[in-house]
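Just follow the structure's listing: the first ligand is 1, and inside any ligand the first atom is 1. Count residues from 1 along the sequence. Remember, predicted model here, so these are calculated numbers, not experimental data. These numbers come from the heavy atoms of this one structure, side chains and all, not from hydrogens, waters or symmetry mates.
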Amino acid sequence: MQFGNKQCYFDTPQIMGVLNVTPDSFSDGGQHNSIDDAVAQAQLMVDNGAVFIDVGGESTKPGAVAVGEQTELDRVVPVIEKIAANIDCIISIDTSKATVMQAAVHAGARLINDVCALQQPDALSTAAKLQVPVSLMHMQGEPRTMQETPEYGSVVGEVYEFLEARINACLGAGIKHEHIIVDPGFGFGKTLEHNYQLLKHFDKFQYLKVPTLAGMSRKSMVGNLLNRSVDDRLAGSLACALLACSKGASILRVHDVKETADIIKVFNKMNSTL
Ligand code: 7PM
């Protein structure tokens, strides 16, 4: 897949490092300080094996309230500009807002990662116009309330059909098939059981004929199963990542890049051994 002037092959799983640029994520000792902190963290993740850096300025955690457009722009644009100028990686913008997509791509982002799958006003037409790859994620409900009562007949079937419909919407809007990635959206309007059904059947999403992204790092599907706090979920997250690899995941969206790079090496070694 082509991201600007960078080619990325998904013959082996690739790592997307999570870079949250919300105020709670960085010691806010002034604007410049927090920008430099974010860029330094991105550099560390790239040094440790991340190919993508996913920059997010809007918290999409369950129960989170939406942030304003200008706030999100002020957070992400300076960080994207500085990463684009200094680090050899593919910058992904984690947003659902058309204006933020536009500004982020202008600043140097080369992948639009939208947890709303381009369903917000103007998002589909804007992404089509920008001509960069897009990642389409499934979510049931909206972040503020999605974890209250998730319900499905068949979670795998319903997520699959949603992603198929969004692929078709993208194609209809003029987005190229070679520019589409799909993601079942672990933790977004799903119970523990739903999340593990999606993991067990992650291989089914390959029938959509586009690369797949899995984001399970530090999520409640690890924490609630194991009874671990957010900072004690590494082993569980790595187990999820390895299982996603074995079921064909193209991109792993993770916080712990160095450790995830190690498990991918183990996975690749097994696959290349006769
Ligand atoms: C709870 C739910 C806590 C989600 C934190 C999060 C994904 C994403 C996020 C994902 C794609 C987090 C998140 N998760 N984008 N953005 N896929 N494509 O772990 O699973 O940071 S937010």
Side-chain angles (χ1 to χ4, degrees), residues 13-22 24-26 38 41 45 50 52-67 72 75-76 90-97 100-101 104 109 111-120 123 127 132-148 150 155 159 162-163 166 180-192 194-196 198-199 202 205 210-225 228-231 233-234 236-237 240-241 244 249-257 260:
Q14 302 292 337
I15 297 173
M16 171 182 279
V18 178
L19 187 66
N20 285 317
V21 290
T22 48
D24 43 302
S25 327
F26 285 95
Q41 197 181 310
M45 291 195 286
F52 298 90
I53 296 294
D54 190 37
V55 180
E58 177 186 29
S59 181
T60 41
K61 287 193 180 78
V65 287
V67 306
E72 197 178 333
R75 288 175 183 171
V76 299
I90 299 161
I91 302 168
S92 159
I93 175 66
D94 188 343
T95 193
S96 299
K97 297 188 184 77
V100 178
M101 293 172 187
L111 169 63
I112 294 169
N113 172 30
D114 183 3
V115 300
C116 294
L118 304 177
Q119 295 177 103
Q120 293 299 310
V132 296
V134 298
S135 177
L136 308 170
M137 200 196 79
H138 174 274
M139 165 163 42
Q140 184 178 85
E142 51 171 291
R144 201 173 53 81
T145 54
M146 65 189 176
Q147 288 308 98
E148 288 171 10
V155 66
V159 169
F162 171 84
L163 293 173
R166 294 312 299 160
I180 300 173
I181 296 167
V182 292
D183 176 347
F186 293 100
F188 286 85
K190 281 108 184 164
T191 63
L192 185 74
H194 294 143
N195 285 317
Y196 281 93
L198 288 168
L199 180 55
F202 195 87
F205 296 102
V210 296
T212 54
L213 189 156
M216 296 177 280
S217 180
R218 299 185 186 176
K219 284 187 181 173
S220 66
M221 66 181 287
V222 175
N224 291 351
L225 178 75
R228 304 286 191 218
S229 64
V230 175
D231 56 8
R233 297 179 182 178
L234 178 57
S237 297
C240 288
S250 311
I251 303 174
L252 303 173
R253 182 182 180 279
V254 303
H255 301 85
D256 303 287
V257 172
T260 304

Check this for me, if you would: do D94 and R253 make a salt bridge, where the nitrogen-to-carboxylate-oxygen distance has to be below 4.0 angstrom? yes
Assess whether a salt bridge exists between R218 and D231, defined as any Lys/Arg side-chain N lying under 4.0 Å from an Asp/Glu carboxylate O.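 No, R218 and D231 are not salt-bridged.
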I'd like to check whether [X] has a polar contact with ligand 1, where a contact means an N/O of the residue lying under 3.5 Å from an N/O of the ligand.
| X | answer |
| --- | --- |
| D54 | no |
| S217 | no |
| R253 | yes |
| N113 | yes |

Pair D114-S96, side-chain donor/acceptor within less than 3.5 Å: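 A donor-acceptor contact under 3.5 Å links the two side chains.
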Judged by modelled atom types alone, do T95 and E72 share a side-chain donor-acceptor pair under 3.5 Å? yes
Option passing side chain to side chain contact (heavy atoms under 4.5 Å, CB included) with I181 (candidates L111, V134, T212, L136):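 Single side chain to side chain contact (heavy atoms under 4.5 Å, CB included) partner of I181 among L111, V134, T212, L136: L111.
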Which of the numbered atoms in ligand 1 are below 4.0 angstrom from a heavy atom of M137? 10 (C), 11 (C), 17 (N)
Any idea which atoms of ligand 1 are less than 4.0 Å away from a heavy-atom of V115?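 Result: 8 (C), 15 (N), 16 (N).
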Best match, D183, I251, D114: closest heavy atom to atom 11 (C) of ligand 1: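 Heavy atom nearest to atom 11 (C) of ligand 1 belongs to D183.
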Could you check which of M139, H255, K219, K190 puts a non-hydrogen atom nearest to atom 20 (O) of ligand 1? K219
Please verify the inter-ring angle class for H138 with F162; under 30° counts as parallel, over 60° as perpendicular, anything in between as tilted.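 Perpendicular, since the angle between the ring planes exceeds 60°.
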